[in-house]
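See below for the structure under consideration.
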Amino acid sequence: AQAQLDALRRQVDPHFLFNSLNTMASLVESDPARAAAFNRALAHMCRYLLDDRPLVPVREELEFVRSYALMLGIRFGAAVEIELPEVATTEVMLPPTALQSLVENAVKHTRFDPEQPLQIEVCIDDDGASVFLPFRYRRVAALRLRQRAGLPGRQPGSGSSPDGFR
């Protein structure tokens, strides 16, 4: 049991846990049904993190990301839009939390609000899994990094692909 608890501590960001518990506490009285859904998603995530395997089937990782996306939807509402495939048709194996970490990084390092929601697309194919962000988010982040480094940068959104993804 101690080894499982240590594994969970290594994988769970304390801020994530703190924010999750605060979100759930705020919902308990105001919206018990959403609090229960949030609690189920958090419990699913904790069970998944306690299963100490080096690789997991992509379908299991996708279900983990689904729980995470549900929690983000409850916490941020329309400000975060995550598109997930219904099913994974491949038997690709991934390190646990690989997809979730990419989604989490997009949430942590991107400005968003309901008027300009963060849009994340997760794709699964025979070669593995990918997480896409619309091009505008990466350009803004790249420009900020270039400015901090004292390098010239182009305006955000210039040179984007026709579909908005790269």
Interatomic distance, Ser20 atom OG to Leu17 atom CG [nearest 0.5 angstrom]
6.5 Å
same_hphob_cluster(Met93, Leu62) at 4.5 Å side-chain heavy-atom cutoff
no
Separation of Ser26 OG from Leu21 CG (nearest 0.5 Å):
11.0 Å
With rounding to the nearest 0.5 angstrom, report the CG to CZ distance, Leu70 to Arg40.
8.5 Å
Could you report the tightest heavy-atom contact between Asp113 and Gln116, atom names first, then the distance?
OD1-N, 2.7 Å
Minimum heavy-atom distance between Ala78 and Pro117, given as atom pair plus value:
O-CB, 3.3 Å
Are side-chain heavy atoms of Leu84 and Arg66 found at a separation under 4.5 Å?
yes
Arg53 with Glu60: basic N within carboxylate O range, under 4.0 Å:
yes
Are the side chain of Glu61 and the backbone of Leu94 linked by a donor-acceptor contact shorter than 3.5 Å?
no
Closest contact, heavy atoms only, Pro114 versus Ala79
N-CB, 3.7 Å
Phe16, Phe76, Phe38 screened by ring-ring contact (aromatic ring centres under 6.0 Å, His included) with Tyr68, the one that passes:
Phe16
Least distance between heavy atoms, Glu121 atom then Cys123 atom
OE2-SG, 3.4 Å
Picking from Leu72, Val65, Thr110, Val103, what satisfies side chain to side chain contact (heavy atoms under 4.5 Å, CB included) with Ile120?
Val103
Those residues at least two apart in sequence (or on a different chain) that pass side chain to side chain contact (heavy atoms under 4.5 Å, CB included) with Ser67 are Ala41, His44, Met45
Can you tell if the side chain of Leu55 reaches within under 4.5 Å of the side chain of Pro95, non-hydrogen atoms only?
yes
Side chains of Cys46 and Leu49: does their closest heavy-atom pair fall under 4.5 Å?
no
Is the shortest side-chain heavy-atom distance between Leu42 and Met24 below 4.5 Å?
yes
Inter-residue atom distance Asn19.CG - Met71.CE, 0.5 Å rounding
9.5 Å
What distance do Ile82 atom CD1 and Leu118 atom CG have between them, rounded to the nearest 0.5 Å?
7.0 Å
In the structure I gave you, are the side-chain heavy atoms of Ile124 and Leu99 within less than 4.5 Å of one another anywhere?
yes
Shortest non-hydrogen pair, Arg34 vs Leu27, comes out as NH2-CD2, 3.9 Å
Examine the side chains of Tyr48 and Gln100 and answer whether a donor and an acceptor come within less than 3.5 Å of each other.
no
